[in-house]
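Working notes, beginning with the structure itself.
Scope of the values below: all heavy atoms of this structure, side chains included, with no hydrogens, waters or symmetry mates.
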2 protein chains.
Amino acid sequence: MATIKDVARAANVSIATVSRVLNNKSGFSEDTRKAVEEAIEELGYVPNGVARGLISKRTNTIGLLVPALSSMLVSEMVSGIERIVHEQGSSLIVCHTESNGKKTMQYLQLLLAKQVDGIIFTSGVLLQEYYQMIERSGIPLVLLSTESLHLPVPSVKVNDRLASFHATEYMIQHGHKKIGMISGNRNDMIAGVPRVEGFRMALSSHQIHFEESMIASHRGFSYIDGATAFRKLMTDHPDITAIVAASDDMALGMISEAFKMGIKIPEQVSVIGYDNIPICNVSIPPLTTISQPVAKMGEVAAKMVLDMIHGDEKQESVVFPHEIIERQSVKKMN
Amino acid sequence: MATIKDVARAANVSIATVSRVLNNKSGFSEDTRKAVEEAIEELGYVPNGVARGLISKRTNTIGLLVPALSSMLVSEMVSGIERIVHEQGSSLIVCHTESNGKKTMQYLQLLLAKQVDGIIFTSGVLLQEYYQMIERSGIPLVLLSTESLHLPVPSVKVNDRLASFHATEYMIQHGHKKIGMISGNRNDMIAGVPRVEGFRMALSSHQIHFEESMIASHRGFSYIDGATAFRKLMTDHPDITAIVAASDDMALGMISEAFKMGIKIPEQVSVIGYDNIPICNVSIPPLTTISQPVAKMGEVAAKMVLDMIHGDEKQESVVFPHEIIERQSVKKMN
DNA sequence: TTGTACGCGTTATCAT
DNA sequence: ATGATAACGCGTACAA
């Protein structure tokens, strides 16, 4: 690989001059510019970003921590983030932590070592341990699809509890009285707890009867979890007419299971999902669901770190509005 | 941020000694090790990877070029790649090129500047322009889900043509005689051309009548493309009993469209997809499809670059076997 | 066992 | 307008 020295030699100037034309620093004649540019072209010279980073203390790199990569939701986020980051001339290092504390610490160490300019932490609980490490390094941090109640870290998210509340209320407004919930992991502080809370709050604020067994939860949020949870729910409460699902995957799994059980959707049981993954459009029936502007959220989070990097101090957290996408999986009761 | 100097001062040793314990280079007493380690702990010191990279000429970073991020298939690949890369102590910079030549060149420039140790180029045509740039820099390169016929670059992929051939043959073996294809972008050298070729070869090798209009193609490979292509196909050839789709998304879109048109799947029309995205399990009916071991392929590609980085010269290209996942979207004809 | 000093490729501060 | 040179943080040959 050619270095600035090679260019200098080929152009018969000093490295200082090469550096000047490279960075448009003014202080060189048109002739030398040409000579230098020719030499650069000739040698296929590309400035060494590592050396630049060493002196400028900027790597133009930002680190992204996600629990998993192979989910539509996360993909969209990453896509949005990457777009903005690249637009601003930086690049993105992705780390998938599998929600594993040890791995996360490892990745954090790595990102610090790599001298990333900023960090985006996604969909998980920001442990003290993580925070201290980042705080100590002084690297700007923003939370995406999660938040910290007691730590001063800006975040970008939707109000999950409210979204779940609305989803449930939507069922109530459609005349449903016996409503069950298919929840994912109830210990999940992001997608578990708040959605269950929203569900319960909606029922109680409309004075609808509720018992604990009307919430069927499982390990995860996958369609298999949805299928098994649904079966359990229907054996305990065969008179349920509406289901609030904690994810589209679960809702889809539930639909599939209903099909096997001979239960018609939405004629016999209505269902509303959560996430608005693309497949909702083409499921049978098309799935009514809660949508978050995921890509947009990623973009905003990216902008936030970048702004912080550029010195704009602490940013305000932003809560994005969710939206109910009405399709055909909810039937109006009379 | 604390530097090695700070640690040296705090531990009352020279930076050389700190460096030694840091890298386990032997040549220091147990006492000094302790002193140094305490100082490191105390200061929360993390070695500066940028400085290390400058001297070692290794950044422990590999660059990944993908056309798009928000597709299940790509996500899985990225996931597999990231796993291996991280296992080996490196990290991954993702770039989504949107199959745009200009953007790709930009990204390439960026990756060279960042001094990545290796590059994985995914699902697209490796232009001369790209190759020359990378070749010139001497950075190891491997192709994933694509290949180059005339350039000496190792690749990891499945045989798309063969897979499509088998998918078509599968229909033939199930007694179908009037078979149509829903292709994506026919100019796509990766997912377009080879799959259409495989389709035609299967028909002709079984001496089944074929006309050009039995291949309906569209811009992309999405479910909307699938839906519109299917409608076109059925108006031209209402007697078709089987469809080979170039992607699961298209197959799913086609199923949805068939539903609207009152056509029963698979009773009236059978369909086989391509990709085996998770949703195939729960579509109605569950979708028979071609599966590639995507995550595995990503892992292997990652291993290949890493090996090349570690000096293992040119690697052999590997072609992974595809697999037909039998579900319920294909009916046996009598 | 330990320390000194040079170099990695670049930018920036002085001179000239 | 241009050049010499000192940093940036680290690894390492060499000296002690």
From the set C:dG3, D:dT2, C:dT11, return the single nucleotide nearest to any side-chain atom of B:Thr17. C:dG3

Cationic N near anionic O, under 4.0 Å, B:Asp31 to B:Lys34: no

B:Tyr107: ring pair (Phe, Tyr, Trp, His ring centres under 6.0 Å) partners, not counting sequence neighbours: A:His86

Give the intermediate values and the outcome of side chain to side chain contact (heavy atoms under 4.5 Å, CB included) for residues A:Gln109 and B:Val46. CA-CA 7 Å; A:Gln109 173 105 9; B:Val46 178; 4.2 Å; yes

Check whether any side-chain heavy atom of A:Met189 sits under 4.5 Å from a side-chain heavy atom of A:Pro194, and report yes or no. no

What is the distance, rounded to the nearest whole Å, between atom CG of A:Asn24 and atom C1' of C:dT11? 15 Å

By side chain to side chain contact (heavy atoms under 4.5 Å, CB included), A:Val300 pairs with (sequence neighbours left out) A:Val156, A:Met304, A:Val318, A:Phe320

Which whole-number value in Å describes the distance from A:Lys5 NZ to D:dG3 P? 15 Å

Rounded off to whole Å, could you give me the NZ-to-P distance for the B:Lys25 and C:dT2 pair? 17 Å

In whole Å, I'd like the distance from the CD1 atom of B:Ile15 to the P atom of C:dG7. 15 Å

Could you verify whether a donor N or O on one side chain and an acceptor N or O on the other, from A:Ser91 and B:Lys114, lie under 3.5 Å apart? yes

Would you indicate, yes or no, if C:dC8 has its OP1 or OP2 atom less than 4.0 angstrom from a side-chain nitrogen or oxygen of A:Thr3? no

Separation of A:Arg58 atom CZ from C:dT11 atom P, in whole Å? 15 Å

Less than 3.5 Å apart, any donor N or O on the side chain of A:Ser75 or B:Ser75 sitting next to an acceptor on the other? yes

Neighbour count above 12 (heavy atom, 6.0 Å) for A:Glu42 CD: no

Rounded to whole Å, how long is the line connecting atom CG of B:Asp31 with atom C1' of C:dT1? 11 Å

What nucleotide, of D:dG11, D:dT5, D:dT2, holds the atom closest to the side chain of B:Asn23? D:dG11

Considering heavy-atom distances to DNA chain C, does B:Ser14 or B:Lys57 have its closest nucleotide positioned more toward the 5' end? B:Ser14

Give one of base, sugar-phosphate or nothing for B:Ser56, where a contact means two heavy atoms less than 4.0 Å apart. nothing

Is there a residue in residues 36-55 of chain B whose heavy atoms reach under 4.0 Å of DNA chain C, and which residues are they? B:Leu54, B:Ile55

A:Ile309 to A:Asp117 - nearest heavy-atom pair and separation: CG1-O, 3.3 Å

Describe the nucleic acid contact of B:Ser19 in one word from base, sugar-phosphate, nothing, applying a heavy-atom distance below 4.0 Å. base

Do any N or O atoms of the protein come closer than 3.5 Å to N or O atoms of nucleotides 13-15 of chain D, and which pairs are they?
none

Taken to the nearest whole Å, CG/A:Asn60 to P/C:dT11 is 12 Å

Taking the side chain of B:Ile4 as heavy atoms from C-beta outward, which of C:dT2, D:dT12, D:dG11 is closest to it? D:dG11

Can you name the side chain to side chain contact (heavy atoms under 4.5 Å, CB included) partners of A:Pro47, sequence neighbours left out? A:Leu22, A:Tyr45, A:Arg52

Using five base pairs at each end, measure the axis-to-axis angle across the helix from C:dT1-D:dA16 to C:dT16-D:dA1 and round it to 10 degrees. 50°

Closer than 4.0 angstrom, basic N to acidic O: yes or no for B:Glu87 and B:Arg83? no

Taking CE in A:Met1 as the centre, count heavy atoms belonging to other residues, nucleotides or ligands within less than 6.0 Å. Is the count above 12? yes

Whole Å only: how far is the CZ atom of B:Arg9 from the P atom of C:dG3? 14 Å

